[in-house]
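Structure, as structure tokens:
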Number of protein chains: 4
Amino acid sequence: MLTVIKKKDLRKQQILQAAIDVFGKSNFQSASISEIAQKANIAEGTIYQYFKNKEDLFFSIPAQKTESFCDELDLHIEGIHDAFNKLRKLTWYYLYFFKTNPDYARILMLEMRVNKSFFKSRTFGKVQVFNDKVLEIIKEGQEENFIRNDMKGHVIREVLLGFLEHRVTRWLLKEEKYDLLANYGEIFDLVFNGIKSPNAERRHM
Amino acid sequence: MLTVIKKKDLRKQQILQAAIDVFGKSNFQSASISEIAQKANIAEGTIYQYFKNKEDLFFSIPAQKTESFCDELDLHIEGIHDAFNKLRKLTWYYLYFFKTNPDYARILMLEMRVNKSFFKSRTFGKVQVFNDKVLEIIKEGQEENFIRNDMKGHVIREVLLGFLEHRVTRWLLKEEKYDLLANYGEIFDLVFNGIKSPNAERRHM
Amino acid sequence: MLTVIKKKDLRKQQILQAAIDVFGKSNFQSASISEIAQKANIAEGTIYQYFKNKEDLFFSIPAQKTESFCDELDLHIEGIHDAFNKLRKLTWYYLYFFKTNPDYARILMLEMRVNKSFFKSRTFGKVQVFNDKVLEIIKEGQEENFIRNDMKGHVIREVLLGFLEHRVTRWLLKEEKYDLLANYGEIFDLVFNGIKSPNAERRHM
Amino acid sequence: MLTVIKKKDLRKQQILQAAIDVFGKSNFQSASISEIAQKANIAEGTIYQYFKNKEDLFFSIPAQKTESFCDELDLHIEGIHDAFNKLRKLTWYYLYFFKTNPDYARILMLEMRVNKSFFKSRTFGKVQVFNDKVLEIIKEGQEENFIRNDMKGHVIREVLLGFLEHRVTRWLLKEEKYDLLANYGEIFDLVFNGIKSPNAERRHM
DNA sequence: AATGAATGAGAATTCATTCAT
DNA sequence: AATGAATGAATTCTCATTCAT
């Protein structure tokens, strides 16, 4: 029984990997099931034994990828005790992960992130796990009084993740011609200290 | 002669408006030429007298919209003499514009911004006009010593525009259920002052 | 009145010449009225003032061309008194004409000659003028006892014209890469003397 | 496995036959895929599982037909030992074949034979097989000193095939109103003995 | 469980022709 | 007489999905 389940899972992984390859090179509408089947060395019909339809297969990609992303992230953060260094590490790992998974990056940033149905899909829940993790660290930072307390944690998170997403997106659109990690320090600096001149006074709107 | 030109322009506008309606409700691939023609009350073939093909029509939308966006923006900024207030006004107008043009917002943020071909298209040049304008103001701010000088202007711009784009995108994905302008002060505050606690020291990576 | 007629005729010629250019480069179905209009420097609609429709324009080409072909041929044959030399000259002029009018050659050989409607069209009559001329010469040859008398003139004509058409067609399909006139003597020799060895006896089927 | 291959081949034949019917009645551009599908009692899409596109289907017709033509021809020629009788039989079979396959005749003579792309297509190679066969027989005839040796074999072939093609073409354009085989002896006689009067001397140009 | 042949709806684009100006 | 904007029918090809084997 166990081996059967494993076998099924293996086949699913195999299809999912082919899907990442294919969707990553084009986009949801242009990518074809037949191409994915070919890449996975199976018949087209077989895909429908594991996924309800094309959209189901597509949305299953981030569900699986987020899981491995989070697992790995946990390992990197383990042992770090202050929120500042946790966020720094997280920033680094975030960029490192997409740099080393450009196909998936394209799928997530240029397709999913911009797709209303994805946010309503079941699989979106799994992606939220990461967001929750970030929020937790930010709240820690607020408790440690290193992150401002006059705004809710999720607003703070939006600034950080929004800017990270933006960076990765630009990099993809520039066809990955430069090193995504090159000046990642800059990013955190800007988000942390803001764009204001150090000798300028704090100002609000 | 003049009236003929005007007439042709009018027809083009009419098609462009129908295209915004239709593309705004779905997306490039799903939207159909026949639907656009129907909405514009013309025959399908007529569209091809004014635009080379579907993509040309699609990419012509931001070309036209950016122009009117910039013209209007100029009026709003006129008379403001310091970079801080210019940026504040720009931030406000940016959000105001997309709040009042949600169909176009969807086209620009969820389709164009994520489309490699768009960045290579001729029409992209027209969109750059706005980006140039923002860079100019930021450089002013750096000269006025209100924006940090240790980073290049276009990096600063990326933080601001990246976050604005992110905000608009979220709002669209949440189906415009809240007021995009509601707490726009927050945005500028975060970008300007950063996420760090006021009493925390400046830190870098 | 006369000048008006001439003006009309001139315009017709202008369109016809553009049509030869355009139809000669592609084929009836692929060629477009708009391209012809462009080449003739007139509006599309104007063509319909001079020709009933696309087919009418198309079929009008050989009508006009055959006329000038025959006029010229008459000049070349004038003064020649025996059928042998008349046929020899005709063969030469036939190849010379198509060599110097390749666009028209393509239209006549690759399109018209193979088009059932053309043979039924009014304009086909004008093309027959040439055929009649050839038949006349052949009959002369038969009377002079230089061409065999055991077959009807039009059968003889078919051999000659059939082979000429075939030669021109091959040349066009080979993209005019060799000189159509190069070994035209060969053609007449073969048609006249047949393919049999000189010392072989005459044989029939 | 064998039956599967046979089944696929059968389906291909079925489509090819429908294509001959339809292309034979009109022409490449006018014939529609939907009509062919209808005639073959299959869905339009199915055609594209067996042929790359309309042109591929079109060009596949002579590839297949030539094969069966050549096979049959071989049977007819087998046992004939001299080139004269071989050519006589070939002439007869050529006309017989097209008389009994008028749809295909129309496709080959009125469409293919006049189509530049066809001569460049891969399928044209298969048609060449027949031409090679004819050349071989002609060379035999030259060795047997029954066909003239002062000209290359392929020039001789051109006269024969050119005239045969011409005859079939005329017959098709006259809407097959007479018997193509009726006086086929005439053809060979003319090609063999030439149009010159028997008592006229051999003359060249 | 796996296959892959068959489906058939769907969409962009072209272009001859018309007709109001 | 000349224009050229508008038309809208017509057609190829793609591809997700099904289902009999």
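By convention in this document, chain letters (A, B, ...) are assigned in the order of the sequence lines, proteins followed by strands, and residues within each chain are numbered from 1.
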Does the pair B:Leu57 and B:Tyr50 meet the rule for a side-chain contact (heavy atoms from CB on, under 4.5 Å), with working shown? CA-CA 8 Å; B:Leu57 169 57; B:Tyr50 293 86; over 6 Å; no
Taking [atom1] from [X] and [atom2] from [N], how many angstroms apart are they, rounded to a whole number?
| X | N | atom1 | atom2 | result |
| --- | --- | --- | --- | --- |
| D:Glu55 | F:dT11 | CD | P | 18 Å |
| D:Lys52 | F:dT12 | NZ | P | 16 Å |
| A:Lys54 | F:dT14 | NZ | P | 14 Å |
| A:Gln49 | E:dG4 | CD | P | 13 Å |
| D:Glu44 | F:dA16 | CD | P | 18 Å |
| B:Lys8 | F:dT3 | NZ | C1' | 13 Å |
| C:Gln29 | E:dA16 | CD | P | 10 Å |
| C:Gln38 | E:dC15 | CD | P | 12 Å |

Return the 5'-most residue of the pair C:Ile42, D:Ile33 with respect to DNA chain F, ranking by each residue's nearest nucleotide.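 Of the two residues, C:Ile42 wins.
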5' precedence on DNA chain F between D:Asn53 and B:Ala43 (nearest-nucleotide basis):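 By nearest-heavy-atom nucleotide position, the 5'-most residue is B:Ala43.
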Who is the Watson-Crick or G-U wobble partner of F:dC19, with both distances under 3.5 Å?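 Answer to the pairing question: E:dG4, which forms a Watson-Crick or G-U pair with F:dC19.
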If the threshold is 4.0 Å, N to carboxylate O, is there a salt bridge linking D:Glu175 and C:Lys120?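 Judged by the 4.0 Å cut-off on N to carboxylate O distance, D:Glu175 and C:Lys120 do form a salt bridge.
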Looking at B:Asp103 and B:Arg106, does any basic side-chain N land under 4.0 Å from a carboxylate oxygen?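 Looking at B:Asp103 and B:Arg106, the cut-off is met.
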Hey, does the side chain of [X] come within less than 4.0 Å of [N]'s phosphate (OP1/OP2), counting only N and O?
| X | N | value |
| --- | --- | --- |
| B:Tyr50 | F:dA6 | yes |
| D:Ser34 | F:dT11 | no |
| C:Tyr48 | E:dC19 | no |
| B:Thr46 | F:dT7 | yes |

Is NZ or CZ of D:Lys126 both nearer than 6.0 Å to the six-membered ring centre of D:Phe59 and within 45° of the ring axis?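 No - D:Lys126 does not lie over the ring of D:Phe59 by the 6.0 Å and 45° rule.
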Quick one: label D:Ala31 by what it contacts on the DNA or RNA (base, sugar-phosphate, nothing), any heavy atom closer than 4.0 Å.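 Since only primed, P, OP1 and OP2 atoms lie under 4.0 Å of D:Ala31, the category is sugar-phosphate.
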Starting at the 5' end of DNA chain E, which residue's closest nucleotide do you reach first, A:Asn41 or D:Asn41?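 Per heavy-atom nearest nucleotide, the more 5' residue is A:Asn41.
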Taking the nucleotide of DNA chain E with the nearest heavy atom to each, does B:Phe28 or C:Ser30 sit closer to the 5' end?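 Nearest nucleotide further toward 5': that of B:Phe28.
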Would you compute the distance between atom CD1 of C:Ile107 and atom CZ of C:Phe118 and round it to the nearest 0.5 angstrom?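 The distance works out to 11.0 Å.
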